[in-house]
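The structure appears right after this line, and notes come after that.
Index from 1, following the sequence. Just so it is clear, the structure is predicted and the values come from calculations on it, not from any experiment.
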Amino acid sequence: MNRKPNMESSVYQGKDGRWHGRVTMGLKADGSPDRRHRSAATEPEVRRKVKELEKLRDEQRAPKAGRVPTVAQWMDTYLTTIASLKLKPRSLDDYWSKTRNDIVPGIGQHRLNKLEPEHLETMYAAMLREGHAPSHVLKVHRILSRALKIAHRRRLIVENVATLVDPPSADETEANPFEREEAVRFLEAAAKRPNFMRWAFGIGMGPRPGETLGARWPYLDLDNALFHPAWQLQRLTWRHGCKDPHACGARLHRFEPCPPGCTVHKRYKRGCPKPCPKGCTRHASACPERKDGGLVFTRPKTKKSQQPIPIPPVFIPPLREHKAWQDEQRAAAGDAWHDFQVVFARPDGRPIDPRDDWEEFKEILEEAGLSDRRLYDGSRHTAGTVLNELGVDMPTIMEILRHTQISQTRRYVKGRNPLAKDAMQRMGDAFLQQVPSGTETRTETSGTKAQRTRRRRRIR
């Protein structure tokens, strides 16, 4: 019998009556031949499948040999060994949360190579029906698309199906910054509190809340009126440090939903927690060897975010007084003082918890009689908007807020520029003041009636 050349495929009919094709793709990781199998009811159909596989092989786009992982398995691999090398800790926590709560329950059991656009569209529609915001669904889509892009790059799949799906469009959250009069009322209410400068800091300079709480005295140059936001304070999710996370949290696992009228979780702001999934590996906060969680000082996302912010000169004397008051607190506390060198601290010197900071912001809003709004609106958005109202140009505001793109700054600044109002006032004055108001226009023809009659006859 004549031997087929290397890399040539074979097509034959088996004893079962079906047609089979064998395609040599190369070598496996262990050096053995990588032969792929295709089958069909007819010869033309199996030859078509063989040609498609040969084309993928020749274009070096063929998926790797072996069993393709499920979406759940690949997301775990992607977040553990790939995304963790690039993402900031807080962003990685967000990726894990959306994977655990949305992606895995929705499409986690599908094999990557069997995933279809319809599966994603069904999951997105279900999330919207459950009450998730379109922006949340869009974020899930981006996380999944990024993970599938890496899988496609590593030839685990032939195509990234997320690129074939149109995710729901999400409107940007409308900013609600303080008016200047409202900002004054807010600061008057905040002046009764020990950390009053924390709120003046946020409104007057526009740093992010985490950068304000993470401000430390070595990075506050009062002589040159500069604040160096080299660190930010964030609360990160705890991770297990033990070898068996499921067994570690055994006493905390709950596999049944809470009964109606549950009183155990009545103080939970988000209601009763969801039941644990089978093989649950959560409850890391109770792990004796927990790690990488709690209040942590982290670096800002970009180098641009670490650029110094000018401190208004009027802030310098109150900041010096605040430092002197904090030194008195340190001396009075003695050994009970935790010296983290933070500018805005608790009575024992520890950094302020972002949760407590948020609750204090809501309390001041209520005391000042102001409408409810986000913490970002009452600090960073307000700073950008007030700068715009004072006539500061957009590139300068971008430098103060340390954005990398001016389009991002425009989203932060509420359109209340008085220069535009003055310009339209001058535009109206340029036209309307030229027309006298309240006058009647009459057209009169000179000459007597006889003269007008002779003129008409002459024209005829």
Distance-only criterion, 3.5 Å: show the donor-acceptor pairs between side-chain atoms of residues 372-382 and protein atoms not counting sequence neighbours.
from : atom 1 : to   : atom 2 : distance (Å)
D372 : OD1    : K362 : NZ     : 2.7
R373 : NE     : S371 : O      : 3.3
R373 : NH1    : N176 : O      : 3.0
R373 : NH1    : P177 : O      : 3.2
R373 : NH2    : S371 : OG     : 2.7
R374 : NE     : D377 : OD2    : 3.2
R374 : NH2    : D377 : OD1    : 2.9
D377 : OD1    : N176 : N      : 3.4
S379 : OG     : L375 : O      : 2.9
R380 : NH1    : G206 : O      : 2.5
R380 : NH2    : L401 : O      : 2.4
R380 : NH2    : H403 : NE2    : 3.4
H381 : ND1    : Y412 : O      : 2.9
T382 : OG1    : F178 : N      : 3.0
T382 : OG1    : D377 : O      : 2.5

Sequence neighbours left out, cut at 3.5 Å: what donor-acceptor pairs do the side chains of residues 342-350 make with other protein atoms?
from : atom 1 : to   : atom 2 : distance (Å)
R346 : NE     : P351 : O      : 2.7
R346 : NH2    : P351 : O      : 3.4
D348 : OD1    : R350 : N      : 3.2
D348 : OD1    : R350 : NE     : 3.4
D348 : OD2    : R350 : NE     : 2.7
D348 : OD2    : R350 : NH2    : 3.3

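With rounding to the nearest 0.5 angstrom, the NZ atom of K139 is 9.5 Å from the NE2 atom of H136. Rounded to the nearest 0.5 angstrom, E182 CD and L187 CG are separated by 12.0 Å. Considering CD of E321 and CG of L319, their distance stands at 9.5 Å, rounded to 0.5 Å. Rounded to the nearest 0.5 Å, atoms CZ (R153) and CG (N160) are 10.5 Å apart. Distance check: E118 CD to M123 CE gives 13.0 Å after rounding to the nearest 0.5 Å. Note that OG1 of T298 is 8.0 Å distant from CG of L233, once rounded to the nearest 0.5 Å.
By the ring pair (Phe, Tyr, Trp, His ring centres under 6.0 Å) test, W325 is found to be paired with H322, residues two or more places apart in sequence or in another chain being considered. For Y124, the ring pair (Phe, Tyr, Trp, His ring centres under 6.0 Å) partners are H141, not counting sequence neighbours. A search for side chain to side chain contact (heavy atoms under 4.5 Å, CB included) contacts involving P257 returns P275, not counting sequence neighbours. Applying the side-chain hydrogen bond (donor to acceptor under 3.5 Å, both in side chains) rule to N113 yields no partners; only residues at least two apart in sequence or on another chain are considered. Residues passing the salt bridge (Lys or Arg N to Asp or Glu O under 4.0 Å) test with E116, sequence neighbours excluded: none.
Within the structure, every pair that satisfies the salt bridge (charged side-chain N to carboxylate O under 4.0 Å, His left out) test and touches residues 191-200, not counting sequence neighbours, is listed here: R193-E360, R193-E363, R193-E367, R198-D357. Among pairs with a residue in residues 294-304, those fulfilling salt bridge (charged side-chain N to carboxylate O under 4.0 Å, His left out) read K304-E399, at least two apart in sequence or across chains. Applying the side-chain hydrogen bond (donor to acceptor under 3.5 Å, both in side chains) definition to pairs two or more places apart or across chains, those involving residues 329-339 are D327-R330. Screening residues 281-297 for side-chain hydrogen bond (donor to acceptor under 3.5 Å, both in side chains), with sequence neighbours left out, gives H253-H283. Every pair passing salt bridge (charged side-chain N to carboxylate O under 4.0 Å, His left out) that includes a residue from residues 221-244 is listed here, sequence neighbours excluded: D93-R239, D223-R320, R235-D353.
In this structure, H132 and D102 have side chains that are in contact, with non-hydrogen atoms separated by less than 4.5 Å.
Remark: E121 CD is packed, more than 12 non-hydrogen atoms of other residues, nucleotides or ligands lying under 6.0 Å away.
Aromatic ring pairs are classed by plane angle as parallel below 30°, tilted from 30° to 60° and perpendicular above 60°; the pair F186 and F361 is tilted.
Taking every heavy atom of both residues into account, A230 and P300 meet most closely at O-CD, 3.3 Å.
A cation-pi arrangement is present between R216 and F297 under the rule of less than 6.0 angstrom and at most 45 degrees off the ring axis.
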Inset, instruction - Give the intermediate values and the outcome of salt bridge (Lys or Arg N to Asp or Glu O under 4.0 Å) for residues D94 and R90. - result: CA-CA 6 Å; D94 187 43; R90 190 67 176 272; over 6 Å; no

